[in-house]
2 protein chains.
Amino acid sequence: MGYADYMGHKRDHPRSTCPISLALEVFGDPWTLLVMRDALYLGKRRFGEFLSSGEKIATNILANRLERLVRRGVLRRKPAEQGREGPIYEPTEKGLALIPVLMEILLWSERYERLSVPPPGFVRRIRADREGLIKLVQKRVRSGLPGLG
Amino acid sequence: MGYADYMGHKRDHPRSTCPISLALEVFGDPWTLLVMRDALYLGKRRFGEFLSSGEKIATNILANRLERLVRRGVLRRKPAEQGREGPIYEPTEKGLALIPVLMEILLWSERYERLSVPPPGFVRRIRADREGLIKLVQKRVRSGLPGLG
DNA sequence: CTGTATCCTTAGGGATACTG
DNA sequence: CAGTATCCCTAAGGATACAG
């Protein structure tokens with residue numbers, strides 16, 4: 001431990017009840033969404049897999065982020081079983097629901113940030129998800145962008 | 001100054017060329033997207049307006065984020081003219097393109113984070129944007145989610 | 001292989017005072 | 001009003017060693 005529940009320093013309660021602010025207290029840091037990228041788009045599930053990403057996250061940071069994501073209900077930790085190597089981390093429904101967020105970030109970055117070169121397997125995986133994503137977006141459009149009622 | 005160009009510590013170059021990672025080096029912190037929320041959804045333009053948000057950002061942090069957002073082409077700074085009070089910060093096209101990102105974050109948070117209560121004027125402004133947003137999303141769906149070709 | 005633990009450094013950040 | 005400048009402190013993070 002040693003980390004606060006919320007991300008801004010010196011607080012143990014949310015800064016405000018604004019939904020954007022609340023979301024940032026879950027993933028408003030340089031690492032959390034990279035872990036979710038690995039989980040959602042690269043199919044990673046195990047500690048060592050997350051650790052091996054190109055951005056070279058440190059073990060203590062990774063452990064902290066995994067623990068927080070589990071505590072916040074974004075990932076679910078399944079303990080090791082006999083015959084299997086170790087525990088795995090897999091997205092919950094709340095975690096899967098971050099796919100559209102990552103998608104919009106991806107589109108923004110591809111369009112406006114030079115240097116953008118997705119990691120191996122990334123674009124392929126996203127293409128595979130495309131149909132599901134389009135359906136999800138269409139459904140959201142049909143229902144008039146829920147959540148704003 | 002005193003802040004590095006990129007957000008993870010001790011680096012002056014991107015961690016990787018992954019679009020998600022690159023985007024996080026622009027807004028992968030607890031404050032930047034709040035500034036953009038204020039600019040895009042609450043119509044704030046001036047230093048004092050950003051300063052007065054419910055989350056109580058400090059002046060040095062705000063100055064740093066505004067400077068970085070300008071440097072990264074997300075905001076544009078227009079100097080004070082005679083007759084007007086002071087400089088204003090307004091979104092560039094790149095900045096406006098963050099609206100869908102914030103929208104997805106909002107939908108995720110409203111759905112999965114308890115406590116979610118948007119600040120005054122927020123929902124109203126988003127409702128006003130709804131038509132434009134739906135059009136934008138529909139267009140994106142029609143063209144098959146560009147950026148992944 | 002999956003983490004803890006530890007050491008160390010620094011950037012991030014809160015508070016406040018101050019300046020053009 | 002729009003920031004700088006300072007002080008001070010802590011959490012975040014990098015590196016490495018080590019334990020079950």
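Here is the naming used below: chain letters follow the sequence lines, and residue numbers restart at 1 for every chain.
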- For B/Ser109 and A/Leu22, work out which heavy atoms get closest and say how close. OG-CB, 3.9 Å
- Message: Using every non-hydrogen atom in the two residues, find where A/Trp108 and B/Lys94 come nearest and quote the distance to one decimal.
- Response: NE1-O, 2.9 Å
Whole angstroms only, please: what is the [atom1]-[atom2] distance between [X] and [N]?
X	N	atom1	atom2	answer
A/Leu62	C/dC1	CG	P	14 Å
B/Leu75	D/dA2	CG	P	15 Å
B/Asp29	C/dG12	CG	C1'	9 Å
A/Ile61	D/dA11	CD1	P	13 Å
A/Arg68	D/dA11	CZ	P	13 Å
A/Phe27	D/dA12	CZ	C1'	19 Å
A/Asn64	D/dA12	CG	P	7 Å
B/Leu34	C/dG12	CG	P	16 Å

Hey, does the side chain of [X] come within less than 4.0 Å of [N]'s phosphate (OP1/OP2), counting only N and O?
X	N	answer
B/Arg15	D/dG13	no
A/Trp31	D/dA12	no
A/Arg77	C/dG3	yes

- Return yes when atom CD of A/Glu90 has more than 12 non-hydrogen atoms of other residues, nucleotides or ligands closer than 6.0 Å, and no otherwise. yes
- With the side chain counted from C-beta on, respond yes when B/Lys78 and B/Tyr89 share a heavy-atom pair under 4.5 Å apart, and no when they do not. no
- Message: A side-chain contact here means heavy atoms from C-beta on lying under 4.5 Å apart; do B/Trp31 and B/Leu62 qualify?
- Response: no
- Examine distances only and state if a side-chain atom of A/Thr92 and a backbone atom of A/Arg76 form a donor-acceptor pair shorter than 3.5 Å. no
- Task: Check each residue of residues 44-56 of chain A for a non-hydrogen atom within less than 4.0 Å of any atom in DNA chain C, then write out the ones that pass by number, or none.
- Result: A/Arg46, A/Phe47, A/Gly48
Whether [Y] and [X] form a salt bridge (side-chain N of Lys/Arg under 4.0 Å from carboxylate O of Asp/Glu) is what I want to check.
X	Y	value
B/Arg45	B/Glu49	no
B/Glu25	B/Arg72	no
A/Arg37	A/Glu55	yes

Pairs under 3.5 Å (N/O, protein and nucleotides 16-18 of chain D):
{"unit_1": "D/dT16", "atom_1": "O4", "unit_2": "A/Thr59", "atom_2": "OG1", "d": "3.3"}

- Of the listed C/dG14, D/dG13, D/dA2, the closest approach to the B/Pro87 side chain comes from D/dA2
- Query: Of the candidate nucleotides D/dG3, C/dG3, D/dG14, which contains the atom at the shortest distance from the side chain of B/Tyr89?
  - Reply: D/dG3
